[in-house]
Amino acid sequence: MASRIEYSEKYCDETNEYRHVILPKDLAKQLPKNRLLSESEWRGIGVQQSRGWVHYALHRPEPHILLFRRPLGTDPQTGVPDPELARRAIEDEYKGQMGLPPHMYVGN
């Protein structure tokens, strides 16, 4: 079942990065309808992603789509936000939006 789970690319704003996860509809029917999932719950159904992600909103028109976010600069191994990583992520996102090539990003 986990192989049928689809993951979006990450996208961000000035404070968080986001992604959505699309579950097979038959799996989604087994989930609680009116509350967010804890990390152990979404991992328990086969969602696989690095640490720090939080299921933050219900998408009522399409309940098989789970919406996740985490603070920019979150260390993917520990799940703990790092202010320096956040600064770099914001700078890199800005440079990407301005059309600068990746070799001009911070740390490259």
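Quick caveat: nothing in here was measured; it's all calculated off a predicted structure.
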Partner set under side chain to side chain donor-acceptor pair (under 3.5 Å) for [X], not counting sequence neighbours:
| X | answer |
| --- | --- |
| Arg69 | none |
| Arg51 | none |
| Glu41 | Arg35, Ser38 |

Do Ile5 and Pro24 have side chains that get closer than 4.5 Å, going by heavy atoms? yes
Just how far is it from atom [atom1] of [X] to atom [atom2] of [Y], taken to the nearest 0.5 Å?
| X | Y | atom1 | atom2 | value |
| --- | --- | --- | --- | --- |
| Leu36 | Leu66 | CG | CG | 9.5 Å |
| Glu17 | Tyr11 | CD | OH | 11.0 Å |
| Leu67 | Ile65 | CG | CD1 | 7.5 Å |
| Ser8 | Glu6 | OG | CD | 10.5 Å |
| Lys29 | His64 | NZ | NE2 | 11.0 Å |
| Arg4 | Ile22 | CZ | CD1 | 13.0 Å |

Could you tell me whether the side chain of Arg70 and the main chain of Val80 form a donor-acceptor pair under 3.5 Å? no
Could you list the residues that satisfy side chain to side chain contact (heavy atoms under 4.5 Å, CB included) with Pro81, not counting sequence neighbours? Pro71, Thr74
Under the ring pair (Phe, Tyr, Trp, His ring centres under 6.0 Å) rule, what pairs show up with a residue in residues 23-48, not counting sequence neighbours? Trp42-Phe68
Which side-chain N or O atoms in residues 53-61 pair as donor and acceptor under 3.5 Å with protein atoms at least two apart or in another chain?
from	atom 1	to	atom 2	distance (Å)
His55	ND1	Leu37	N	2.8
His55	NE2	Ala57	O	3.3
His59	NE2	Glu62	OE1	3.2

Verify same cluster id: Leu27, Tyr7 (apolar side-chain graph, 4.5 Å): yes
On a heavy-atom basis, the closest approach of Gln49 and Val47 is NE2-CG1, 3.9 Å
